[in-house]
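Below you'll find the structure, written out as structure tokens, and then a few comments.
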2 protein chains.
Amino acid sequence: MAELPIETYLPGLSIDCVIFGFHEMELKVLLLNMKNQEEWALPGGFIQKDQDVDIEANRILENRTGLKNIFLQQFHLFGDLTRNKAGHAKKLVETKIISDDLRPWFEQRFLSIGYYALVEYSKVQVPTPDFTSDSCEWCSLNNLPKLIMDHQQIIDRAHQVLKKELNYQPIGLNLLPQQFTMSEIQTLYETVLGKTLDRRNFRRKILSYDILVATNKQRKGGTHRAPMLYEFDEEKYTQAIQEGLKSLF
Amino acid sequence: MAELPIETYLPGLSIDCVIFGFHEMELKVLLLNMKNQEEWALPGGFIQKDQDVDIEANRILENRTGLKNIFLQQFHLFGDLTRNKAGHAKKLVETKIISDDLRPWFEQRFLSIGYYALVEYSKVQVPTPDFTSDSCEWCSLNNLPKLIMDHQQIIDRAHQVLKKELNYQPIGLNLLPQQFTMSEIQTLYETVLGKTLDRRNFRRKILSYDILVATNKQRKGGTHRAPMLYEFDEEKYTQAIQEGLKSLF
DNA sequence: TATGTTTGTGTCAATATGACGCAAACTAAA
DNA sequence: TTTAGTTTGCGTCATATTGACACAAACATA
């Protein structure tokens, strides 16, 4: 049973992270499986009294993924009364996830700050579960297990925001590996937007932004014609999204 | 000196509202002048322990503007340590704005939830100051007075968000009066975007969205050719911004 | 060597955009 | 009453962008 230094945390406030990854043509979210429970949860944590909220979010994220300097954006504060389910703390005590001392802490009303993170799937080695959970897995966004409290809504909202931010945030840069093929980045865009795009028109447009650099390498080993590998021109990408990539797909 | 039922509020959390209005070709923000001080502040307040955050934001806003059902959007949680200035509570006590009992409450670390509101300037009759202030005024966005703490940054961020949301939120509907001329709505767009637009191209585009209804009335009394008055087709507008108005100006 | 699929590169018509021109409507000055 | 100065309403036109496709080269596998 874990002990929490709750006296060092801001009361009534938590952080929940929606960690997006992209793998096998699908958007994935990193979820924790609560010990002895069927319900899953978003990785989250509390905020040190003497630290910036953004920094705390990064700390929580680093604990879970082992990665530093991850792309992380605050996107919403969830502050409805209904999000605090009465039985939650009781359950945590009964399943011995937390000690009885901690029960009042978990019974108080919580507001939660939603952050979304974009990580390169392959770089997250072994997702590490926290004290409340015994496993940590990537789950496909369109086939999520049952989630505690309002975590499903938090994910939905994060996905919505991601869609809207597609032209303002370096989504590709953070979700794709260093080098990638044209169809990989296209699939990413299709997945986030939830619609298919014409291959040739996509190519024309993404190239017109002048944010990609064609390497002269090819992805070998595939079962068909070897595609060319691209990289981002980070400087140009960063500059381009300042103003937003004109006109969406 | 005012008393606050601080025991009924969530500790360490506040709401700040950036209330936008549009008047005389300018974007305005409603600000409070702190008693006996040169610095101004955003209208804000605290959150009842037993109430949704969104509802509390509405309550605070209604107190200040007298308007119900105002368009109000949460846009950011400000959670840096640096935003809490040490001398602030002391000043409030010294200037007798708050009693000494309240000093610990105002000395704690505060996170603040930023909301922005869009109101029709003319509908706000007499902005009512709160207990910490003795006047309440519309200030032009590009000529703001000195503001307390990080309120200038909060406004800047709200303005940024407004710009980005222009094609996803009913900005015009909420900032303009029921009926308006083509140049009024164009000026609104120009003001929010911070750039001038071609009059004829603007007209063509805004009409192509099919969200405006031409009334057959004209604005009389002007010094030149009487312009035609338009209204929003609220249903079509609402529908159009669901997907976002394709391609910005 | 034949087959199926993916990749790279175009074309072309339909639309949308940006840069203007011009006359009608109206006020205020002459 | 006439004239000058503005604003409004309604166009045009060249250029750029979009959406819908066609086709051949490059592979792996059979």
Side-chain angles (χ1 to χ4, degrees), chain A residues 24-26 166-167 172 176-177 179-191 193-232 240-241 243-249, chain B residues 24-26 166-167 172 176-177 179-191 193-232 240-241 243-249:
Chain A
E24 286 174 343
M25 307 296 198
E26 279 187 325
L166 198 52
N167 292 280
L176 293 172
Q179 301 195 329
F180 48 88
T181 68
M182 194 54 82
S183 38
E184 282 166 354
I185 185 173
Q186 181 180 345
T187 307
L188 171 61
Y189 270 77
E190 289 180 333
T191 307
L193 291 172
K195 64 179 177 188
T196 59
L197 304 166
D198 181 87
R199 187 174 60 88
R200 294 146 292 189
N201 294 339
F202 177 86
R203 176 196 180 74
R204 177 177 56 195
K205 190 149 205 178
I206 200 88
L207 286 176
S208 79
Y209 291 152
D210 197 30
I211 56 175
L212 296 186
V213 185
T215 68
N216 286 324
K217 301 175 192 168
Q218 293 184 313
R219 162 134 328 147
K220 302 282 184 184
T223 161
H224 296 294
R225 177 171 178 175
M228 163 155 292
L229 288 168
Y230 290 87
E231 289 179 356
F232 282 104
I241 56 177
E243 293 288 302
L245 302 176
K246 325 273 157 139
S247 68
L248 333 156
F249 288 99
Chain B
E24 287 175 342
M25 307 296 196
E26 279 188 324
L166 198 54
N167 292 279
L176 293 172
Q179 302 195 329
F180 48 88
T181 67
M182 194 53 81
S183 39
E184 281 166 354
I185 186 173
Q186 180 180 345
T187 308
L188 171 61
Y189 271 77
E190 289 180 332
T191 308
L193 291 174
K195 63 179 178 188
T196 59
L197 304 166
D198 182 87
R199 188 173 61 88
R200 292 145 293 188
N201 294 339
F202 177 86
R203 176 196 179 77
R204 177 177 57 196
K205 191 148 204 179
I206 199 85
L207 286 176
S208 79
Y209 292 151
D210 198 28
I211 56 175
L212 296 186
V213 185
T215 69
N216 287 324
K217 300 174 194 168
Q218 293 184 314
R219 161 129 336 142
K220 303 282 184 183
T223 162
H224 296 294
R225 178 169 177 176
M228 163 155 293
L229 287 168
Y230 290 86
E231 289 179 357
F232 282 104
I241 56 175
E243 295 287 302
L245 302 175
K246 324 272 158 130
S247 68
L248 334 155
F249 288 100

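To find a chain, count down the sequence lines: A is the first, B the second, and so on, and within it residues start at 1.
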Could you tell me the separation between the CD atom of A/Gln186 and the C1' atom of C/dT7, rounded to a whole number of Å?
12 Å
Considering only heavy side-chain atoms of B/Ser183, the closest of C/dT17, D/dA20, D/dT8 is D/dT8
Without decimals, in angstroms, what is the distance between A/Asn216 CG and C/dG8 P?
12 Å
Just jot down the side-chain hydrogen bond (donor to acceptor under 3.5 Å, both in side chains) partners of A/Gln179, sequence neighbours excluded, or say none.
A/Glu231
For B/Glu190, enumerate each residue passing the salt bridge (Lys or Arg N to Asp or Glu O under 4.0 Å) test, keeping only those at least two apart in sequence or located in another chain.
none
Please report, rounded to the nearest Å, how far the P atom of D/dT7 is from the CG atom of B/Leu229.
18 Å
A/Leu176 meets the side chain to side chain contact (heavy atoms under 4.5 Å, CB included) criterion, sequence neighbours left out, with A/Phe22, A/Phe180, A/Ile185, A/Leu188, A/Phe232
Base C/dG21 to side chain B/Arg200, donor-acceptor N/O within 3.5 Å cut-off:
yes
Does A/Arg203 place a side-chain N or O at less than 4.0 Å from the phosphate oxygens OP1/OP2 of C/dT9?
yes
So if I define the base as every atom that isn't primed, P, OP1 or OP2, how would nucleotides 25-30 of chain C read as a B/S/- string at a heavy-atom cutoff under 4.0 Å?
BBS---
Can you measure A/Leu245 atom CG to D/dT18 atom P for me and round it to whole angstrom units?
12 Å
Send over the distance from A/Ile206 CD1 to D/dT18 C1', rounded to a whole Å.
16 Å
Separation of C/dT6 C1' from A/Glu184 CD (nearest whole Å)
13 Å
Counting side-chain heavy atoms from CB outward, which of D/dT8, C/dT9, C/dT11 is closest to A/Arg204?
C/dT11
Please give me the minimum heavy-atom distance between A/Asn167 and A/Ile241, naming the atom from each residue.
O-CG2, 4.1 Å
Once you round it to whole Å, what is the distance between P of C/dT7 and CE of A/Met228?
13 Å
Euclidean distance, atom NZ of residue B/Lys217 to atom P of D/dT8 [Å, nearest integer]:
19 Å
Check the phosphate of D/dT18 against A/Lys205, side-chain N and O only, distance under 4.0 Å to OP1 or OP2. Yes or no?
yes
Salt bridge (Lys or Arg N to Asp or Glu O under 4.0 Å) involving B/Arg200 - partner list, sequence neighbours excluded
B/Asp198
May I have all residue pairs that pass salt bridge (Lys or Arg N to Asp or Glu O under 4.0 Å) and include part of residues 208-222 of chain A, sequence neighbours excluded?
A/Glu184-A/Arg219, A/Asp210-A/Lys236
Please determine, for the side chain of B/Arg199, which listed nucleotide (C/dA19, C/dC22, D/dA22) has the closest atom?
C/dC22
Sole residue of A/Arg203, A/Arg199, A/Arg204 in side chain to side chain contact (heavy atoms under 4.5 Å, CB included) with A/Asn201:
A/Arg204
